[in-house]
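Notes to accompany the following structure.
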Amino acid sequence: MLSRSSSEATEAVLQTFYDKLEDFSVAPLWTVQEDVLVNEPKSKAVPHLWRWSELRPQAMRAAELVGTADAERRVLMMLNPGLDGRIATTNSLFSGLQIVMPGETARAHRHTPAALRFMIDSKGGYTTVDGDKVPMLPGDLILTPNWNWHDHGNDTDSPMIWLDGLDIPLVRMLESVFFEPYPEDVQPITQATDFSFLKYGAGSLTPAWQTSDSTHSPLMHYPWDKTWEALQGLAPATEGSPFDGVVLEYINPTNGGPAFPTMGCHVQLLRPGESTKAHRHTSSTIYHSVEGSGHTIVDGQKLSWEPKDVFCVPGWTYHEHINASATEPAVLFSFTDAPVLQSLSLLREQAHPDGHQS
Ligand code: 1HN
């Protein structure tokens, strides 16, 4: 009969042994076992809300003080207070507020981290993505996938401000960041304006003369009017998700997959007075309230959002959404690292056993 063994070594003897091990660049697993194999994840990131009313003036101040000749990108990074100084909004995702002033360009470059832009304020302007000039109006989602050239331009008389979303904490952790500036400030436009939208924007009608095998969506532009039309049309006709209300994914129109292999994007409508049930998942999420006011309870903490605020839900924290208005719908845009977890068989989801947090 075999059994688990015991030893009589004293603390002092053990400590001497552990110190000695350092000479060989090894360490005992058994003293840290419980930090490594936790029963369930506990994110270092904390639930947090960034207020538009506070951030917008800071973005305008940044625009006064710093030009786009001095800042490759004029971005205010939203850093999670729990991640002490890491360039991250959740463990794997980054979000920032970018401002481009009238007459400015942010020069062309490309990098392996993928980026999305959700337009907050603008009267126009554009991002060129690999030769395709994509218009940017409020509520539009624009993709700049891994290694696509992109530059931004504001040819209007009012500031452009948008939410940037990147997978940069993940790509840095994987030590796969590459960056390259384009040889000129602005890349040439090689396609008809908004070409990806002309080609793939109809969604259920895609070009039949060729196939797309890219791992990201070939559609770079999801205009707000189509998003709003879809939400408005569907909301009266369905209950939607118990956890998210009427929630739609911005898909790759060629295969129904997520926008990027590393990030998925969603928009959800919470009807007047609607409150969802609580759940948690291993994926983390960054939300932006497009319109309406309400609150989201994350890990027992109430985050009250107003239009254009940003907040984050770390992985494996229970969360539920409440639209506080009795008359107006609330709309949330969000992005998530769920595609990464899904592809690695690490995506888990759990409903709160009581339906709601106490
Ligand atoms: C970047 O290149 C952009 O291209 C925006 O607009 C935000 C945040 C971190 C690193 C690179 C852009 C970014 C970024």
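Note that the numbering runs from 1 along the sequence shown for the chain. Atoms within each ligand, like the ligands themselves, are counted from 1 in listed order.
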Hey, does H109 sit under 4.0 Å from ligand 1 if you only count heavy atoms? yes

Please confirm whether the backbone N or O of H279 pairs with a side-chain atom of H319, one donor and one acceptor, at under 3.5 Å? yes

Can you report which non-hydrogen protein atom sits closest to atom 9 (C) of ligand 1, along with the distance? I168 CD1, 4.0 Å

Evaluate D164 against R73 for salt bridge (Lys or Arg N to Asp or Glu O under 4.0 Å), listing each step before the verdict. CA-CA 11 Å; D164 279 317; R73 292 296 187 258; over 6 Å; no

Begin with the C-alpha distance, continue with both residues' side-chain angles, and end with the deciding distance and a verdict on salt bridge (Lys or Arg N to Asp or Glu O under 4.0 Å) for R61 and E64. CA-CA 5 Å; R61 182 74 178 138; E64 282 171 22; 2.7 Å; yes

Just checking H150 against H109, ring centres under 6.0 Å apart? yes

Give a yes/no verdict on whether any heavy atom in E72 is under 4.0 Å from an atom of ligand 1. no

Return yes or no for this condition: an N or O of W162 is under 3.5 Å from an N or O of ligand 1. no

For S95 and M78, indicate whether the former's side chain and the latter's backbone hold a donor-acceptor pair under 3.5 Å. no

List ligand 1 atoms under 4.0 Å from H111, heavy atoms only on the residue side. 1 (C), 2 (O), 4 (O)

Assign the ring pair F178 / W147 to parallel, tilted or perpendicular, where the plane angle (0 to 90°) is split at 30° and 60°. perpendicular

Give the atom numbers and elements of ligand 1 that come within less than 4.0 Å of a heavy atom of F94. 8 (C)

Protein heavy-atom partner closest to atom 12 (C) of ligand 1 - residue, atom, separation in Å: R73 NE, 2.9 Å

Taking 4.0 Å as the limit for heavy-atom contacts, which would you say applies to M77 with ligand 1: side chain only, backbone only, both, or neither? neither

Would you kindly specify which portion of T144 sits under 4.0 Å from ligand 1, judged on non-hydrogen atoms: side chain, backbone, both or neither? neither

Ligand 1 atoms nearer than 4.0 angstrom to some heavy atom of H152 are 4 (O), 6 (O), 12 (C)

Give the cluster check for L116 versus F197: same hydrophobic cluster or not, with ILVMFWY residues linked at side-chain heavy-atom distances below 4.5 Å. yes

Just say parallel, tilted or perpendicular for the rings of F333 and F118, cut-offs at 30° and 60°. parallel

Checking heavy atoms under 4.0 Å, the part of L166 that sits near ligand 1 is side chain

Short list, please: which atoms of ligand 1 are under 4.0 Å from a heavy atom of D164? 5 (C), 7 (C)

